[in-house]
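Have a look at the structure below, then the notes.
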Amino acid sequence: MLCIVVVLPVVASTAMALHDGWTPVGDNATLALRSGDVLRGDPPLTGMPSTSNTISDQDISHPGPLEVWVASIPYALFGPAGLLVTVALVNALALVLSVVVGWRRGGPALAVAVTATGLILCWSLGTTIIRDPLNTHVPLLPWFALVLLAWDVRLGSWPSLPLAVFVASWVVQGHLAYVPLTATLVIGTALLCVVDHRARDAAARRRFARGRTPALFWSATIGILLSVPLLIDQVSGSGNLGRLLAFSGEGGQGARVGARAVIHALGAPPAWLREVNDPFLLLRGPSTFDLFAFAATVGLFAWVYAAARRRADTATLALLQAALLGLIGVAILVVRIPLGGAVLAADPMLLLRPVSAITWLAIGWGAWQVVAPSIVPNLTRTRVRGPAIVVGAIAVVVVVAATTVAPAKFGGYGEGLMEPGAELQPRVVAAVEGQPMVQVNATGWAARLYLRHAVIEDLERHGIATRTSDDDRVFRRAGGDRPAATATVWVVSDPAEPEQPAPGALLVGRTDIVRGGGLSGAAVRRHELRRKLDAAGRIELRDTGQISLSDVSREFFRWTTPPPDGQSLPSVWVSVDSFVELQANGLVVSPVIDDDLIAAIRRDTIGRFFAAEDTEAAVYVRFE
């Protein structure tokens, strides 16, 4: 029953997405494209290209392609929905594994605690994230399971080791941020296993060794097999592993920012209970309340840890140590994030949520072990058990409803363009059906970042080969290895473009990007803010009590020093979304900008990275 309950948010969210006609756009469309490439004879050997190349000379990708390889058969059978279902299934299995480990190690009480933690974590991440194929998001719930699996292995459950290796591979290959995090967990757990081994007597050593040899064999086999694409790429491809190693040696944020990240993870409220994901998280110093909450959490952790040591409760000690390894991994990760990458790491910093969830699960379980002897007898009374079941059932319903019905917390990375994409794609396929090679160009932010991806994926899925006008590592479809195009498609999301992007181009279709197009309230508000920004001429930046101007200049604007003209910069350098984020953090001052307008834009749900003029999209085609 608990296994069914814990996966309800993932199942419900996925079912709703499929019912609404989920269409991959942006990076999700690229992931779908790569899933199809696996069986089309062009399997990717690395993960998605990393945005780290904007702050580094290293042209690197995330470590591995495991996600798209696993999704290749479901994609072949069901199209893009196969990718969505694959990720949702992996997330659901991660939650089930967590509950199973909890039941095995702590009985019904710990299984209920893991279920409750998993449900709240799903609520914390939000509707979109828990089924989203984006490689930044796919490691989040598996990481939660990985910590519990590592704990289970340490306590002598060797059959969990091959599962842990698979989950670790999934996590690490998805996003490079999880490499130091997982390495810390794996190395730390291995060292603690050695310490445990030395402390046991001969009989205990023999008992713990049962099943170890086959588990190590199968774990090594799984790890090697899942690493084959990465090794092939290193030897005869792009050499991505070597580039990742070189990238890891670049100067990082430093110990101060690493400590700040841990304080944020355990601050007030802890990361897994926060409502927003702030892009300036790593730039902001902790508030007094954060410091107080962090100190209280550390004190509670120390008390629970000391109590477990007094009782010689090795299982609770091991869980607390596993949580501590997660926090150490976060600190190491942030310390190594290169200078200029703090704002880029905003989305990966969602990992603070499962890490803090595990920490509080460990603290809660340790505290329960202390107070249980005096509380459990009362809980077994019928008059208490009945209300407890009712309250628990209500809590499950509330969390599931909040997760599946409430607006997406961290949506906006192209989610708003699914409907326009679904509307345009069939028209594009029909317009160029039978063409051996189609070049797909894009003009406008929405077209370049989101809609072009969707068009290319849809064409390839229908057997129409494509190429791009850019040297685009995402698609790997540009360059001399592709024949000349017999047709050209233009995806345009900027109405400032001419009606006809090239002589002979014919209009295939047009659709609103923002519901209601340029006349919608959301579009009018964004145009109004853009107009006011342009009229302002310059925007004044300022330090706050939490964020310094020098940090903002370096991490957000990629400058090593603040603007030379005092603390102002040309307003044309600031996008609508950038201004909204800066204003929310008290970093910009402009007497001509209405704060009510900013608040209204923040309530809009059309997403980030939209230019103010991106209110409609059009597709043109020309046959060569």
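Below, each value reflects all heavy atoms present in this structure, side chains not excepted, and no hydrogens, waters or symmetry copies. Every value quoted in this text rests on a predicted model; they were computed, and no experiment measured them.
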Item to complete: For Ile187, look at atom CD1 and say whether over 12 heavy atoms of other residues, nucleotides or ligands are found less than 6.0 Å away.
Response: no

Response to the item:
Interatomic distance, CH2@Trp445 vs OH@Tyr450, rounded to 0.5 Å, equals 9.0 Å

Discussion item. Tell me whether Thr117 contacts the main-chain N or O of Ala357 through its side chain, where contact means a donor paired with an acceptor under 3.5 Å.
Written reply: no

Worksheet item: Looking just at side-chain N and O atoms, do Ser568 and Arg538 make a donor-acceptor pair shorter than 3.5 Å?
Response: yes

Discussion item. Check this for me: Arg311, atom CZ, are more than 12 non-hydrogen atoms of other residues, nucleotides or ligands nearer than 6.0 Å?
Written reply: yes

Worksheet item: Would you say the side-chain atoms of Trp151 pair up with the backbone N or O of Ala315, donor to acceptor, closer than 3.5 Å?
Response: yes

Worksheet item: Roughly how far, to the nearest 0.5 Å, is the CG atom of Leu325 from the CG atom of Leu320?
Response: 11.0 Å

Worksheet item: Can you find a heavy atom in the side chain of Leu266 that is under 4.5 Å from one in the side chain of Leu327?
Response: yes

Worksheet item: Hey, are the side chains of Phe579 and Ile593 touching, using non-hydrogen atoms and a 4.5 Å cut-off?
Response: yes

Discussion item. Could you check whether any side-chain heavy atom of Val330 comes within less than 4.5 Å of a side-chain heavy atom of Thr184, counting everything from C-beta outward?
Written reply: no

Worksheet item: Is any side-chain heavy atom of Val355 less than 4.5 Å from a side-chain heavy atom of Trp272?
Response: no

Worksheet item: Would a 4.5 Å heavy-atom cut-off, applied to side chains only, mark Val179 and Leu244 as touching?
Response: no

Worksheet item: For Asp132 and Asn28, does a side-chain donor sit closer than 3.5 Å to a side-chain acceptor?
Response: yes

Fill in: Option passing salt bridge (Lys or Arg N to Asp or Glu O under 4.0 Å) with Glu528 (candidates Arg531, Arg530, Arg526)
Arg531

Item to complete: To the nearest 0.5 Å, tell me how far Asn135 CG sits from His175 NE2.
Response: 5.5 Å

Worksheet item: So do the side chains of Phe247 and Ser50 get within less than 4.5 Å of each other, counting heavy atoms only?
Response: no

Worksheet item: Taking atom types as modelled, is there a side-chain donor on Asp551 or Ser548 under 3.5 Å from an acceptor on the other?
Response: yes

Fill in: Leu319 side chain reached by Leu148 side chain, heavy atoms, under 4.5 Å
yes

Item to complete: Determine, for Asp290 against Arg274, whether the closest basic-nitrogen to carboxylate-oxygen distance falls under 4.0 angstrom.
Response: yes

Discussion item. Donor-acceptor pair, distance only, cut-off 3.5 Å: does the side chain of Glu555 make one with the backbone of Gly341?
Written reply: yes

Item to complete: Using side-chain hydrogen bond (donor to acceptor under 3.5 Å, both in side chains) as the criterion, list what pairs up with Gln321, not counting sequence neighbours.
Response: Arg154, Tyr305

